[in-house]
Amino acid sequence: MSNAVPALLSPDLAQRLDESGRRFEPQFPMQDWRRGFEAAAYEAALGELAQQPADSLSLYVHVPFCAGRCLYCGCNTTVTHDSTRIDAYLDTLEREMTLIAERIGAHHDVVQVHLAGGTPNYLTEAQLTRLTEMLERRFHLAADTERSIECDPRRASAGQLELLHALGFSIIGFGVQDLDPDVQRAIGRVQSEELIRDVYWMAREIGFDSIAFDLIYGLPLQSESTFNRTIDSVLEVAPDRVACFGYARGTADGPHQHAINVHELPDDAERERLFRNAVARFTASGYAWIGLDTFALETDELAVAQAERRLHRNCVGYTATPSTHLIGLGAGAVGELKGSCVQNHPDLAGWRERVEAGRLPVDRGHRLDQAERRRREAMSHLICNLELPRDMASGCLEEEYRRLSAYVGEGLVEAMPDGLRVTPAGHFFLRELCCEQDAYFHWDRARWHFSHSD
Ligand code: SF4
């Protein structure tokens, strides 16, 4: 299927989609997630999980430390140059892992471990080894457990990458964002193209199975021509996956973002052109467009899973190896267990105080009822696999199904015998087509604010 840019939309349709999109944008913080969500509710969910040893787990570990603050950053992180603070963090993290393991036992197969932050590779080699061993001692990690880590290329070295590979990490992501020197200065993150290439080839030679780059569009001083040059350079090395996120300015949560000159930001039309151009360039170069904002080489397991309509998504991102539950570890980490979305205290002191007192450090959460779970599953399937099967929608999603089918006439959705399928043109409006499902998108925003790192 081609990813042709859709023809001009009718003014009426453009307005409908625009209104949907606007409803999506300002959803953070997650209104449906209750502060004061009782740790007892999480405790009960962990107790239920202990009774289901066949259920599989994913583990998400948040490492909230960086060497400096990038001006566009919306992550939950702390700048420090004191390595003993990270040692102390690992001490508490170990205690938190024990609290969880004591409640669920060590029987559950862990299918995925993901380290993000912050900058996980800001840890020293000894700290990375310790963190991995802490996980291995308390949870059932197997040889085929998928281990992934998000890295800042400026902190990477051959020795560090070799160590990570030896520790079992097979998927590695690097924050590239943009390679134009002026854009890099405007966002307070200077890293040369040579550095990115060196780090990429080191990782390739060491033997990581999958290497991912993160790009951001909508940054100050970005234009189609500058972003095209960045894409040229990325395509030259051909990482397995490329995520292309839109810059989401959030000065309320990140006052450092005031340092970005708003007059240098591309307007909405330019942002749209930047993203559409990225779609055209990557899909013309052997990449499949995955979900909202990711590209994967057609041989990559994400692309294969999407083609076979078995791709999944959790707060860590897209995955071909889904687990029944996701446990978040560390300050601000998000998890989902037995239909309960939970988030740990985002501030280090609040998180540490609870863990050291032997309590689960839950800050807020939301227990999805049956209808919300079905809606979330259906919307996740729609985003990942670009279809809404009739049987997934029957019952409590009838209204959503009807609304989605209204786009058949506009060419954004196609009616199939067993459900609705998003067309290549509709893929450009996937976010808008889904955004009525706010419960899902609160989750999606959570990833950006609390899990995205480099
Ligand atoms: S963008 Fe990444 S490296 Fe930069 S401050 Fe945020 S988490 Fe740290």
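No hydrogens, no waters, no symmetry mates; every other heavy atom, side chains included, goes into these values. Remember, it's a predicted structure, so these values are computed and weren't measured experimentally.
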- Query: Roughly how far, to the nearest 0.5 Å, is the CG atom of Asp178 from the CZ atom of Arg229?
  - Reply: 9.5 Å
- Query: Would you call Glu194-Arg197 a salt bridge at under 4.0 Å N-O?
  - Reply: no
- Taking the six-membered ring for Trp, is the centroid-to-centroid distance between His108 and Phe139 below 6.0 Å? no
- Query: Is the shortest side-chain N to carboxylate O distance from Glu377 to Arg373 below 4.0 Å?
  - Reply: no
- Message: Parallel, tilted or perpendicular: which one describes the rings of Phe282 and Phe295, with boundaries at 30° and 60°?
- Response: parallel
- Residue of the set Val413, Leu420, Thr423 for which side-chain contact (heavy atoms from CB on, under 4.5 Å) holds with Tyr407: Val413
- Query: With under 30° as parallel and over 60° as perpendicular, where do the rings of Tyr122 and His81 fit, or are they tilted in between?
  - Reply: perpendicular
- Spell out, as yes or no, whether a donor-acceptor pair under 3.5 Å connects the side chain of Thr226 to the backbone of Gln222. no
- Row check, Tyr72 ring normal vs Arg189 NZ/CZ: under 6.0 Å, within 45°: no
- Is Asp182 salt-bridged to Arg185, going by a charged N under 4.0 Å from an acidic O? yes
- Query: Are Phe65 and Tyr89 close enough that their ring centres sit under 6.0 Å apart?
  - Reply: yes
- Got a donor-acceptor contact below 3.5 angstrom from the Asp82 side chain to the Thr84 backbone? yes
- Query: Hey, is Asp209 close enough to Arg147 for a salt bridge, meaning N to O under 4.0 Å?
  - Reply: no
- Item | Sidechain N-carboxylate O distance under 4.0 Å for Arg352, Asp91 | no
- Query: Salt-bridged, Arg276 to Glu224, with N to O below 4.0 Å?
  - Reply: no
